[in-house]
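See below for the structure under consideration.
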Amino acid sequence: MTDVLASEFLKLRTVRSTTYLVLSIAATLAAAVLVAYLMTSDYDRQPPEVQAAFSAADPNAVVLPFGQFVLGVLGALAVTSEYGSGMIRTALVSVPRRRVLLSAKVVVVGAVSAAIGVTATLLAYIAGEVITGDRPEPISAYGSFSDALPTLLANSASLTLMGLVGLGLGFLLRSTAGTLVTLCGLLFVAPTIALFLPPPWDGRLYSVMLPLLAPQLAGGLPNAPLSPAGAGLAMVAYLVVTLGGGLVALVRRDS
Amino acid sequence: MIEVRDLIKRYGGSRAVDGLSFEVKPGYVAGFLGPNGAGKSTTMRAILGLDRPTSGEALVNGKRYADLAHPMRQVGALLDAGAAHGGRRAYDHLRVLARSNGIDRSRAAETLEQVGLAGAANKRIGTLSLGMRQRLGVAAALLGDPGVLMFDEPVNGLDPEGIRWIRHLMRDLAAEGRTVLVSSHLMSEMALTADRVVVIGRGRLITESSMKDLSDRFRRDVLVRSADQPALARALEQARAAVVFEDDAIAVRGLTARQVGEVAARQQIPLHELTPRSASLEDAYLELTDDSVEYRTEATR
């Protein structure tokens with residue numbers, strides 16, 4: 001298993017798409033920091049009553065949705081690029097035990113997504129704190145690090161989740177285009193559609209949409225339908241459905 | 001050692017492989033022959049565990065492929081040249097595969113050298129020509145120094161030098177005591193490489209024999225040219241031979257070249273040419289597989 005893990009990590013390191021995806025997260029982070037800086041300098045020029053209506057200059061608010069999509073793509077490409085190129089046959093000839101191959105990919109994609117997620121989230125938090133300095137809320141997102149910690153952990157968990165959801169969908173759908181369209185649908189389209197449903201289904205469905213899970217997991221949303229534990233369970237459900245479906249497809253179907 | 005037993009593989013309603021059994025032992029090159037769509041690739045994929053057999057089994061060294069601990073150290077397979085990520089460098093591709101089977105990374109450079117790709121080690125696979133990708137696939141097959149090798153249509157995309165190289169490679173591998181199975185739809189290719197052949201059509205075994213037996217089995221005649229063709233033809237017919245005129249020569253069936261020469265000598269007819277002919281292996285193959293050609297062009301019908 002360690003051989004297969006090392007091989008899968010080497011696979012991820014030796015394709016350019018991984019580099020580009022990491023660079024795009026770095027670029028998003030840079031843009032988010034710039035936005036936070038501009039907001040803060042605008043804040044400084046405003047009278048107090050306008051300042052009180054400001055939202056937080058928190059780079060994580062930009063990094064999270066972009067990061068979710070990019071890590072979804074990273075997870076998806078880890079498998080769909082193999083189906084697209086025929087590499088999957090070579091991969092399954094080198095590792096014919098399909099559960100082992102899938103597990104190795106889960107561990108590697110999960111670990112890499114977590115590392116990228118934690119790093120991006122932390123850097124965004126630190127940059128936000130440096131920019132807002134000792135200004136009060138609401139322009140400063142968090143009063144202290146311990147205030148921020150639940151959000152930082154929830155964001156990291158959500159980014160890791162997206163890497164694995166992308167991977168599971170990739171195993172299930174096999175096609176890069178199909179998987180990316182599905183990811184876009186889940187992240188950007190489905191939440192909007194959910195809001196058009198008649199009550200109480202609009203709120204119920206909206207609360208379990210992928211982009212909504214991180215804030216509910218952190219417990220930061222007022223009147224959130226899901227408790228942090230409920231949001232955590234929803235995340236686990238996404239993992240079970242996508243990776244479980246991917247495993248069934250990998251084991252049952254010819255390659 | 002490769003054993004295929006009563007293998008059946010159904011796709012939807014059609015049977016790609018229909019009760020196929022054969023064995024390949026070490027020490028010779030086994031050709032796996034059949035027209036397009038005969039089930040060669042499906043059989044190879046079943047041996048490698050890529051396709052699940054509907055019934056029957058395919059064993060390598062007595063085990064199912066998926067039960068081999070480090071499969072690349074026992075079996076090397078060249079499936080199709082495209083089976084690699086186009087964005088990865090050739091050397092990295094081999095390193096990834098070596099790592100997955102606990103093979104020393106030095107083998108990646110060694111096999112690249114062996115297949116003549118040392119100079120392209122740092123090129124991305126997508127930029128390689130079909131022939132070079134084919135060589136990279138061979139390097140991947142050789143990576144684990146396996147005792148069993150399977151090549152699916154290995155000459156595809158190779159230039160004449162490459163074709164000659166791969167023929168020698170396969171013969172050398174067999175001479176080293178390895179089990180070598182090579183598929184092809186071209187008899188002419190197998191005639192130059194294989195010692196034994198497994199011929200299949202429509203998923204069924206048509207024949208399994210040595211190359212020599214196969215060529216012996218097919219009709220032979222003797223081509224003869226002489227100073228007096230009509231007289232010789234009459235004499236041969238009296239000797240109960242079947243005679244067919246071919247341009248300025250006579251094709252004789254039913255007598256050996258020696259008997260034809262003796263008939264001519266008794267008649268005192270000078271011979272200009274006396275050539276025993278066996279049906280070419282190509283013809284033998286076409287005759288064998290005639291009933292099982294799935295995709296046929298109008299002209300050859």
Side-chain angles (χ1 to χ4, degrees), chain A residues 1-23 73-74 76-105 107-109 170 174 176 247-255, chain B residues 9 11 16 41-42 44-54 60 63-73 75-103 105 124-126 133 136-137 140-141 143-144 150 152:
Chain A
M1 185 72 189
T2 48
D3 284 339
V4 183
L5 280 175
S7 168
E8 285 300 327
F9 186 52
L10 195 56
K11 274 186 190 172
L12 215 52
R13 282 196 298 143
T14 50
V15 289
R16 282 169 297 179
S17 54
T18 310
T19 316
Y20 295 154
L21 291 173
V22 171
L23 285 179
V73 174
L74 181 109
L77 282 182
V79 53
T80 60
S81 73
E82 299 204 342
Y83 277 104
S85 62
M87 177 69 194
I88 189 69
R89 290 192 290 280
T90 307
L92 284 173
V93 166
S94 65
V95 184
R97 287 170 195 165
R98 299 183 177 200
R99 279 181 186 81
V100 171
L101 185 76
L102 183 129
S103 310
K105 281 194 192 290
V107 171
V108 169
V109 168
R174 301 191 168 187
T176 301
L247 180 64
V248 170
L250 181 67
V251 171
R252 291 275 172 84
R253 290 168 67 184
D254 291 332
S255 295
Chain B
K9 176 65 191 180
Y11 292 112
S41 294
T42 305
M44 287 186 147
R45 293 154 57 83
I47 295 171
L48 294 169
L50 289 174
D51 284 8
R52 291 204 312 178
T54 307
V60 186
K63 287 184 176 174
R64 283 175 50 233
Y65 186 84
D67 294 335
L68 299 174
H70 289 289
M72 293 185 79
R73 296 193 199 171
V75 185
L78 170 71
L79 278 179
D80 53 75
H85 191 300
R88 199 171 277 127
R89 295 173 200 279
Y91 173 70
D92 287 337
H93 175 67
L94 295 182
R95 221 152 56 94
V96 161
L97 296 177
R99 196 69 191 81
S100 69
N101 274 250
I103 297 164
R105 70 193 295 184
R124 297 194 190 277
I125 294 166
R133 284 204 298 264
L136 181 63
L143 207 54
M150 299 205 295
D152 194 7

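Note on naming: letters A, B, ... go to the chains in the order of the sequence lines (proteins, then strands), and numbering restarts at 1 for each one.
The two residues B/Arg95 and A/Leu10 make their nearest non-hydrogen contact at NH2-CD1, 3.5 Å. Between A/Ser85 and B/Ala84, the closest heavy-atom pair is CB-O, 3.3 Å. Minimum heavy-atom separation, A/Asp254 to B/Tyr11: OD2-CE2, 3.7 Å.
Atom-to-atom distance recorded for A/Lys11:NZ and B/Leu97:CG is 7.5 Å, nearest 0.5 angstrom. One finds the NE2 atom of B/His85 at 7.5 Å from the CG atom of A/Leu77 (value rounded to the nearest 0.5 Å). The structure places CD1 of B/Ile103 at 10.5 Å from OG of A/Ser7, a figure rounded to the nearest 0.5 Å.
Only the backbone of B/Leu68 comes within contact range of chain A, with at least one heavy atom under 4.5 Å from a heavy atom of that chain. B/Leu50 touches chain A through backbone and side chain together, each having a heavy atom under 4.5 Å away. For B/Arg45, the part lying near chain A is the side chain, with the backbone staying farther off; criterion is any non-hydrogen pair under 4.5 Å.
Looking at residues two or more places apart in sequence or on another chain, you find no salt bridge (charged side-chain N to carboxylate O under 4.0 Å, His left out) involving B/Arg73.
Of the listed residues (B/Asn101, B/Ile125, B/Leu143), the greatest number of heavy-atom pairs within a distance under 4.5 Å of chain A belongs to B/Asn101. The choice from B/His70, B/Met72, B/Arg88 that makes the most heavy-atom pairs within less than 4.5 Å of chain A is B/Arg88.
Contact check on B/Asp67 versus A/Arg97 returns no salt bridge, with no Lys/Arg side-chain nitrogen under 4.0 Å from an Asp/Glu carboxylate oxygen.
Inspection of non-hydrogen atoms places A/Thr14, A/Val15, A/Arg16 of residues 12-19 of chain A under 4.5 Å from chain B.
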> Given A/Asp3 and B/Arg99, is the salt bridge (charged side-chain N to carboxylate O under 4.0 Å, His left out) satisfied, shown in steps?
Replying inline: CA-CA 6 Å; A/Asp3 284 339; B/Arg99 196 69 191 81; 2.9 Å; yes
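Residues A/Thr90 and B/His93 are in side-chain contact: their nearest non-hydrogen atoms beyond the backbone lie under 4.5 Å apart.
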